[in-house]
*Asks:* 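Below: one structure in structure tokens.
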Amino acid sequence: ENGEKRYVTGTNGGPLFVYVKDGKIVRVTPIEFDEEDADPWTITAHGKKFTPPKRTTATAYGMGWKSLVYSPDRLLYPMKRVDFDVNGDRHPENRGVSGYERISWDEALDIVGGEIARVRQTYGPGAVYHSRGSHHNWGTVGYFTSASNRFFNCIGATGMAANPDSWEGFAWGAVHHYGNTVRRGGAEPYSTVEDCMKNAEMIVFWSSDPESTSGVYGAQEGTIRRDWVKQLNIPVVHIDPYLNSTASFMGGRWIAPRPATDTAMALAIAYVWLQNGTYDKDYVAKRTQGLEKWAEYINGETDGIPKTPEWQAPITGVEARVVRALAEEWGKRKTYLACGGLHSFGSACRTAYGTEWARAMVCLVAMQGMGKEGVNFGGLQYGTPLDTHFWFPGYAEGGFSGDYMGNASGVQMYNRMPQSPSVNSEYQRIPRLRIPEAILEGHAEAFDMDNSTIHGQFRKVRYPAPGHSPVKLFYKYGGSYFGTQPESNRYADMYRSDKLECVVNQSVWMEGEARFADIILPACTTFERWDIGEFANCGGYIEKSYLQNNHRVVFMQHKCIEPLGQSKSDFDIFQAIANRLGLWQVFSEGNTEYDWVRRCFAATDMSKVISWRQFLKKGYYVVPPLPENRRDPLALNWFARGVKKDTPELTPLPSEYYGRYGEGLQTPSGKFEFEAQSLKRFDPDDKERLPICTYIPSWEGVGSEPYEKYKLQLISPHSKFSFHTMGDGKDSFINDIEQHRMLIDGYFYWIFRMNPKDASARGLKQGDIVEVYNDRGSVLCGLDLTERLPMGIVHSYESCSDYRPVGEPGKSPEQNGCINILTPKRFITKNAHGLAVNSCLVEVRKWEGECLKWK
Ligand code: MGD
Ligand code: MGD
Ligand code: 4MO
């Protein structure tokens, strides 16, 4: 029509139709299905039928992509820091302050290729370090798990040992009670939406706001299901210090504990159940072990303190009668627990000892008969009745990485799409939460995370590795760390040190850490290159993550427009550097990005149902759901019934069964272990993580030492309108959403929320520019007053995209909203590698100083 062409692409906020005219994107919309496309499923519950509409949904940060592609902050040319002379003085101390000049691709590739070879030849293995964020432009071939993994395997580099950021408390805590390490401690999701609608009598959302977070990548797919629950009149409870979007959408009862005190409330609930005998005694006897040990602690036999509702009241700030009433209702009704926005996650798992909260969550569900009809995990976000037998890979399955170990490619991808192996021969890794310390102090260590076993997490990563070089060249992919990593002014100090001889940044936009690089390589967006993907399918740690959707939608990611300026796809950038190092064939096996996309299509079940040409033309395919009688068995129901595992997954590994294969949970006993044998074996006296779940006061909460100076408890959950740093800033239209940024004197400030009474006690009013501060630094924000927070608790989303200090980097107030400057770098519990960003005390005052201009 009128010269417009319609293409298809994917984003982490849902798939899109992309309308292009004269080589420019004019509009994006969610996908409306047509007559040919498969009809959706129907769930029958309480005599009513429920069917989702024939379309996809999208979030704000999905719909915002057009403005991100054409952002004035796009990096369009390779750049060099003006005072960086690769053959002379490099002035590392000026990183973050001196400006940039445009250079040619040839010069950029000469410098980067030359520096990689020089530092490796001069210093040996380990001299190049690469690290990245946890997300990417959508796709399978271009994703970092594919192209970037392959490139760094080919050249040899120090890797990053990631902390399990989304899952912290579950990965370091809950797995010890019930396994599920492959999902980093999240439970099975299968058929839970249907079971919840049919059989649940109550839903508890605990640190869970799927209306803001969409599980992850699930767009607005779950919203209609939560609306159905309203129609079914299933009572809901929300436990969250902030009256979040899910609570305001669904209604129900809001209970607001102080941050990081939830474990005390959970223990009081268990106390009431033990007292009243309102738990599933038969299930506990047959399927679990160790409840008597936990009960000794709960009843006060071990420490003289019964964990009553009255005991928890002064800790959580929630009245005893409220907790008692909740425990009584929960004890009576079949209940679904949404602990976090998917079936795990939740900011509460990213607090001091968030391990104990996640442990408490799974222990409570186990007491009520986990896996029995109506008793399971989830908040209608995950576990729709879709066809799980149709195979298409998620990005975590590695694309063409050839990397058998570094992602989930070994499970299916590698065998289906033959690819030559790529192996990183360097053994050195740096734990992500200690990158600045590793560079500045020369050493760092943390516990490692191995998702295939429970006990794998007791090993350590140590930097430097024997016989390896300290890192000399930092190759950073993206620039998000100032916004997303704890105590993030540390990164300014690291970048400005001469310990790093060269800093390369490969990014789409000029923001955050890109401003600290010596050489910047401009990557294009997914709208400007070829890829292929599936809606909300990441695979890997969130096996079958597409079960968050109402439809399985596999899509082509067309190259909708030519790359802007001289930007290139990440694949092409890696290919160009590989060419400089003589690694042309080794990197791509002679294939272009388009070739790999086509090969990926051919390797999957897609090639059985549609031709390549048809797929290219139409752009997407809707996988039909299976008929009702062939839907997946209910998650964990096999365990409740005491039969072999029958859900459609092969995990855990055969060796993780200590008895007979396929029987019981992944724990040593095969039972749900209230007293975790794995923790008992590792260190039975670790007071910060005992074999049973206990309440441990936060080192940074009410009554702690920093509380003398800083009286406000700050929570910084995931931004509703941006996807971490993606979508924020960059003159994206998201900035115009008044709940995202606040326009004051021409500057779009990040929002800091507090109760009006706390504000007036400090002489502050709505719309003030305020300085939020503690000993770690200070951040300027726009003040929003709201009754959605009790007194003493303040709220500001994490993940501002840019870092703009008003003076010296790392030493002056930051104006763009990098709230993580204020959060602690201390690990969630000592024997772990996990962030506790939601345990953070601050104070706030009116800012009277000078401000930067927006641009
Ligand atoms: P992202 O913004 O997703 O955040 O933290 P990060 O993973 O660091 O980072 C992705 C980066 O990759 C961005 O810089 C983006 O521009 C870049 N990028 C995207 N696509 C491309 C591409 O195609 N090419 C190139 N070259 N670059 C690309 C997320 C982390 O934050 C997570 S997952 C959690 S769960 C934590 N949550 C959390 C919290 O709850 N509170 C606080 N205070 N902090 C938190 N931090 C953690
Ligand atoms: P959060 O927003 O961190 O989401 O998904 P979640 O971890 O589930 O936390 C959920 C709720 O916990 C918030 O409403 C917060 O107020 C509350 N909370 C904070 N502290 C406490 C506490 O101590 N106790 C209790 N009871 N509640 C508390 C994260 C998931 O979201 C992840 S891991 C990623 S990587 C994605 N990121 C993301 C994003 O950046 N933006 C958007 N819009 N969606 C996203 N989806 C994904
Ligand atoms: Mo996450």
Side-chain angles (χ1 to χ4, degrees), residues 12-13 59-61 132-139 142-144 147-148 162-168 205-210 212-218 238-247 255-262 265 316 338-342 344-351 354 357 381 432 476-481 483-486 488 505-509 511-514 521-526 529 569-570 573 698 713-728 730 789 793 795-799 801 819-820 822-823 835 837-840:
N12 35 30
T59 57
Y61 49 89
R132 49 161 177 79
S134 301
H135 319 93
H136 201 261
N137 274 242
W138 199 253
Y143 217 92
F144 60 68
S148 161
N163 55 305
D165 42 19
S166 317
W167 293 266
E168 300 293 5
F205 287 83
W206 201 322
S207 189
S208 175
D209 184 12
S212 295
T213 57
S214 322
V216 62
Y217 312 132
H238 307 272
I239 307 178
D240 194 313
Y242 178 60
L243 193 146
N244 66 34
S245 300
T246 308
I255 301 174
R258 289 193 188 108
T261 63
D262 302 70
M265 190 192 295
T316 61
C339 37
L342 192 64
S344 60
F345 296 174
S347 264
C349 89
R350 291 175 223 108
T351 57
W357 172 73
Q381 182 57 34
R432 175 161 57 198
K476 182 71 194 351
Y477 195 85
S480 56
Y481 283 179
T484 65
Q485 298 304 302
S488 56
N505 188 289
Q506 180 166 321
S507 279
V508 183
W509 301 279
E511 61 186 13
E513 292 156 277
L521 303 177
C524 68
T525 69
T526 202
R529 60 175 178 81
S569 75
D570 292 300
I573 296 173
S698 164
Q713 287 188 278
L714 171 69
I715 52 170
S716 48
H718 291 216
S719 166
K720 180 175 167 86
F721 301 102
S722 70
F723 195 92
H724 295 290
T725 65
M726 285 196 276
D728 174 53
K730 326 180 214 335
L789 288 160
I793 303 172
H795 176 292
S796 186
Y797 287 125
E798 54 104 34
S799 293
S801 60
I819 281 298
N820 265 319
L822 306 168
T823 59
L835 39 77
V837 281
N838 288 298
S839 290
C840 176

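Just follow the structure's listing: the first ligand is 1, and inside any ligand the first atom is 1. Positions are given from 1, in the same order as the sequence printed here. As the structure is a prediction and not an experimental result, all values here were calculated from the model.
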*Asks:* Mind listing the closest non-hydrogen atom pair of H136 and R529 along with its distance?
*Replies:*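 Distance-wise, the nearest heavy atoms are CE1-NH2, 4.0 Å.
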*Asks:* Does the E168 side chain pair with the main chain of L835, one donor and one acceptor, at a distance under 3.5 Å?
*Replies:*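 Side chain of E168 to backbone of L835: a pair is present.
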*Asks:* So, is Y242 polar-close to ligand 2, with some N/O to N/O distance under 3.5 Å?
*Replies:*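 Y242 vs ligand 2: no N/O contact under 3.5 Å.
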*Asks:* Would you say the side chains of D165 and S134 form a donor-acceptor pair under 3.5 Å?
*Replies:*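 D165 vs S134: donor-acceptor pair found between side chains.
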*Asks:* Just heavy atoms, cut-off under 4.0 Å: does W206 contact ligand 2 by side chain, backbone, both, or neither?
*Replies:*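 The side chain, only.
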*Asks:* Give the residue, atom name and distance (to 0.1 Å) of the protein heavy atom nearest atom 24 (N) of ligand 2.
*Replies:*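 In this structure, atom 24 (N) of ligand 2 has D262 OD1, 2.8 Å as its nearest protein heavy atom.
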*Asks:* Heavy atom under 4.0 Å from ligand 1: found in H718's side chain, backbone, both, or neither?
*Replies:*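 Contact part for H718 vs ligand 1: side chain (C-beta onward).
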*Asks:* Which atoms from ligand 1 have a heavy atom of S716 less than 4.0 Å away?
*Replies:*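 Reading through ligand 1 atom by atom, the close ones are 39 (C), 40 (O), 41 (N), 42 (C), 43 (N).
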*Asks:* Could an N or O of ligand 1 be found under 3.5 Å from any N or O of D570, whether backbone or side chain?
*Replies:*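 Yes, at least one N or O pair falls under 3.5 Å.
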*Asks:* Taking non-hydrogen atoms only, is T484 closer than 4.0 angstrom to ligand 1 via side chain, backbone, both or neither?
*Replies:*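 For T484, backbone and side-chain atoms both sit under 4.0 Å from ligand 1.
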*Asks:* Which atoms of ligand 2 sit under 4.0 Å from any heavy atom of N244?
*Replies:*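 In order of number, 14 (O).
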*Asks:* So for ligand 2, is S722 a polar contact partner (N or O within less than 3.5 Å, distance only)?
*Replies:*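 Yes; the residue has a nitrogen or oxygen that sits under 3.5 Å from a nitrogen or oxygen of the ligand.
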*Asks:* N/O of T725 under 3.5 Å from N/O of ligand 1, yes or no?
*Replies:*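 Right, the criterion is met.
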*Asks:* Which part of T213 is near ligand 2, with near meaning a heavy atom under 4.0 Å away: side chain, backbone, both or neither?
*Replies:*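 T213 to ligand 2: contacts from backbone and side chain alike.
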*Asks:* Is the backbone N or O of T526 less than 3.5 Å from a side-chain atom of N137, with the two atoms forming a donor-acceptor pair by type?
*Replies:*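 Pair found, side chain donor or acceptor close to backbone of T526.
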*Asks:* Work out whether the distance between some heavy atom of R350 and some atom of ligand 2 is less than 4.0 Å.
*Replies:*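 Checking ligand 2 against R350, which is what was asked, there is a heavy-atom contact under 4.0 Å.
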*Asks:* With a 4.0 Å heavy-atom cut-off (strictly under), which part of S799 contacts ligand 2: side chain, backbone, both or neither?
*Replies:*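 Within the 4.0 Å criterion, S799 makes no contact with ligand 2.
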*Asks:* Does D165 reach ligand 1 with a nitrogen or oxygen that is under 3.5 Å from one of the ligand's nitrogen or oxygen atoms?
*Replies:*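 The answer is no, given that D165 and ligand 1 share no N or O pair closer than 3.5 Å.
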*Asks:* What's the shortest heavy-atom distance between S480 and E513, and which atoms?
*Replies:*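 Taking S480 first and E513 second, the nearest heavy atoms are N-OE1, 3.1 Å.
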*Asks:* Please report which non-hydrogen protein atom sits nearest to atom 5 (O) of ligand 2, along with the residue it belongs to and the distance in Å to one decimal place.
*Replies:*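 Protein heavy atom at minimum distance: F345 CD1, 3.6 Å.
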*Asks:* Evaluate Y481 for polar contact with ligand 1, using N/O atom pairs at a separation under 3.5 Å.
*Replies:*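 There is no such contact.
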*Asks:* Please classify the H136 to ligand 1 contact at 4.0 Å (heavy-atom distances, strictly less than): side chain, backbone, both or neither.
*Replies:*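 It is both parts that get close, each with some atom under 4.0 Å.
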*Asks:* Looking at atom 8 (O) of ligand 1, what's its closest protein heavy atom, distance included?
*Replies:*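 Closest protein heavy atom to atom 8 (O) of ligand 1: S480 OG, 2.6 Å.
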*Asks:* If you take all heavy atoms of Q381 and G341, which pair is closest and at what distance?
*Replies:*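 So the two residues come closest at CG-O, 3.4 Å.
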*Asks:* Any idea which protein heavy atom is nearest atom 15 (C) of ligand 1, and the distance to it?
*Replies:*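 Atom 15 (C) of ligand 1 sits closest to the protein heavy atom M726 CG, 4.1 Å.
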*Asks:* Touching ligand 1 at all, W167? Heavy atoms, strictly under 4.0 Å?
*Replies:*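 No heavy atom of W167 comes that close to ligand 1.
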*Asks:* Provide, to 0.1 Å, the distance between atom 17 (C) of ligand 1 and the closest protein heavy atom, together with that atom's residue and name.
*Replies:*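 Here the nearest protein heavy atom works out to G478 CA, 3.7 Å.
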*Asks:* Record the part of H795 in heavy-atom contact with ligand 2 below 4.0 Å; permitted values are side chain, backbone, both and neither.
*Replies:*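 Neither; no heavy atom under 4.0 Å.
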*Asks:* Atom 10 (C) of ligand 2: which protein heavy atom is closest, and how many Å away?
*Replies:*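 The closest heavy atom on the protein side is S207 O, 3.4 Å.
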*Asks:* Quick one: look up the protein heavy atom nearest atom 21 (C) of ligand 1 and list residue, atom name and how far away it is.
*Replies:*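 Going atom by atom, the protein heavy atom closest to atom 21 (C) of ligand 1 ends up being N137 ND2, 3.4 Å.
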*Asks:* Looking only at protein heavy atoms, which one is nearest to atom 42 (C) of ligand 2, and what is the separation?
*Replies:*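 Answer for atom 42 (C) of ligand 2: S719 O, 3.1 Å.
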*Asks:* Side chain or backbone, does S166 bring an N or O within less than 3.5 Å of an N or O on ligand 1?
*Replies:*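 No, no N or O pair falls under 3.5 Å.
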*Asks:* Suppose we measure from atom 27 (N) of ligand 1 to each protein heavy atom; which comes out shortest, and what is that distance?
*Replies:*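 The protein heavy atom lying closest is Y477 CE2, 3.9 Å.
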*Asks:* How close do S208 and N244 get, counting heavy atoms only, and between which atoms?
*Replies:*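 Closest approach of S208 to N244: O-ND2, 3.1 Å.
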*Asks:* Any N/O of I239 closer than 3.5 Å to an N/O of ligand 2?
*Replies:*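 Yes; the residue has a nitrogen or oxygen that sits under 3.5 Å from a nitrogen or oxygen of the ligand.
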*Asks:* Search all heavy atoms of C349 against all heavy atoms of W167 and return the closest pair with its distance.
*Replies:*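 In terms of heavy atoms, the two residues are closest at SG-C, 3.7 Å.
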*Asks:* For ligand 1, which atoms sit closer than 4.0 Å to a heavy atom of W509?
*Replies:*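 Ligand 1 atoms under the 4.0 Å threshold to W509: 16 (O).
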*Asks:* Applying a 4.0 Å heavy-atom criterion (strictly less than), which segment of V837 is in contact with ligand 1: side chain, backbone, both, or neither?
*Replies:*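 It is the side chain that touches ligand 1; the backbone stays farther off.
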*Asks:* Have a look at ligand 2 and work out which part of A260, if any, has a heavy atom under 4.0 Å from it: side chain, backbone, both or neither.
*Replies:*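 Near ligand 2, A260 shows its backbone, while the atoms from C-beta on stay back.
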*Asks:* At a non-hydrogen distance cut-off of under 4.0 Å, which region of S214 contacts ligand 2 (side chain, backbone, both, or neither)?
*Replies:*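 None of S214 does.
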*Asks:* Counting only heavy atoms, which portion of F144 has something under 4.0 Å from ligand 1: side chain, backbone, both, or neither?
*Replies:*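 It is neither; nothing of F144 touches ligand 1.
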*Asks:* Could you verify whether a donor N or O on one side chain and an acceptor N or O on the other, from S801 and D728, lie under 3.5 Å apart?
*Replies:*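 On atom types as modelled, these side chains qualify, holding a pair under 3.5 Å.
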*Asks:* Could you find the nearest protein heavy atom to atom 14 (O) of ligand 1 and give me its residue, atom name and distance?
*Replies:*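 Minimum-distance protein heavy atom for atom 14 (O) of ligand 1 reads G479 N, 2.9 Å.
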*Asks:* Quick check: closest heavy atoms across S245 and K720, and the distance to 0.1 Å?
*Replies:*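 It is OG-NZ, 3.2 Å.
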*Asks:* What I want to know is whether K720 and ligand 2 share at least one N or O pair that is separated by under 3.5 angstrom.
*Replies:*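 Checking ligand 2 against K720, an N or O pair does fall under 3.5 Å apart.
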*Asks:* Do L342 and ligand 2 have an N or O pair less than 3.5 Å apart?
*Replies:*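 Looking only at distances, the answer is no, because the N/O contact criterion of under 3.5 Å is not met.
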*Asks:* Parallel under 30°, tilted from 30 to 60°, perpendicular over 60°: which one fits the rings of H724 and H135?
*Replies:*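 The rings of H724 and H135 lie parallel, inter-plane angle below 30°.
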*Asks:* Just need the protein heavy atom nearest to atom 47 (C) of ligand 2, so name the residue and atom and give the distance.
*Replies:*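 Result for atom 47 (C) of ligand 2: G215 O, 3.3 Å.
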*Asks:* Any side-chain donor-acceptor pair under 3.5 Å between Y477 and D570?
*Replies:*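 A pair is found: one side chain offers a donor N or O, the other an acceptor, under 3.5 Å apart.
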*Asks:* Note the single closest protein heavy atom to atom 6 (P) of ligand 2, along with its residue, its atom name and the distance in Å.
*Replies:*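 Going by distance alone, atom 6 (P) of ligand 2 is nearest to G346 N, 3.3 Å.
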*Asks:* So, is S347 polar-close to ligand 2, with some N/O to N/O distance under 3.5 Å?
*Replies:*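 Min N/O separation from ligand 2 is below 3.5 Å for S347.
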*Asks:* Roughly how far, to the nearest 0.5 Å, is the CG atom of N838 from the CD1 atom of I715?
*Replies:*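 I715 atom CD1 to N838 atom CG measures 6.5 Å (nearest 0.5 Å).
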*Asks:* For atom 44 (N) of ligand 1, what is the closest protein heavy atom, and at what distance to 0.1 Å?
*Replies:*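 Nearest protein contact, heavy atoms only, for atom 44 (N) of ligand 1 is N820 ND2, 3.0 Å.
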*Asks:* For ligand 2, which part of Y61 has a heavy atom less than 4.0 Å away: the side chain, the backbone, both, or neither?
*Replies:*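 The side chain, only.
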*Asks:* Can any side-chain N or O of N12 pair as donor or acceptor with the backbone N or O of Y217 at less than 3.5 Å?
*Replies:*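 Looks like no, no N/O pair under 3.5 Å.
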*Asks:* Quick test: of every protein heavy atom, which one is nearest to atom 33 (S) of ligand 1, and how far off is it to 0.1 Å?
*Replies:*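 The closest heavy atom on the protein side is H135 CE1, 3.2 Å.
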*Asks:* By number and element, which atoms of ligand 2 are closer than 4.0 Å to a non-hydrogen atom of G340?
*Replies:*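 Counting atoms of ligand 2 from 1, those under 4.0 Å from G340 are 8 (O).
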*Asks:* Nearest to atom 40 (O) of ligand 2, what protein heavy atom do you find, and at what distance?
*Replies:*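 Atom 40 (O) of ligand 2 sits closest to the protein heavy atom H724 N, 2.7 Å.
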*Asks:* Is the backbone of I255 close enough, under 3.5 Å, to the side chain of D240 for a donor and an acceptor to pair up by distance?
*Replies:*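 Pair absent, no side-chain N/O of D240 close to backbone of I255.
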*Asks:* Does S344 reach ligand 2 with a nitrogen or oxygen that is under 3.5 Å from one of the ligand's nitrogen or oxygen atoms?
*Replies:*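 It does not: no N or O of S344 is found under 3.5 Å from an N or O of ligand 2.
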*Asks:* So which protein heavy atom does atom 13 (C) of ligand 2 come closest to, and at what separation?
*Replies:*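 Sorting protein heavy atoms by distance from atom 13 (C) of ligand 2 puts D240 OD2, 3.3 Å first.
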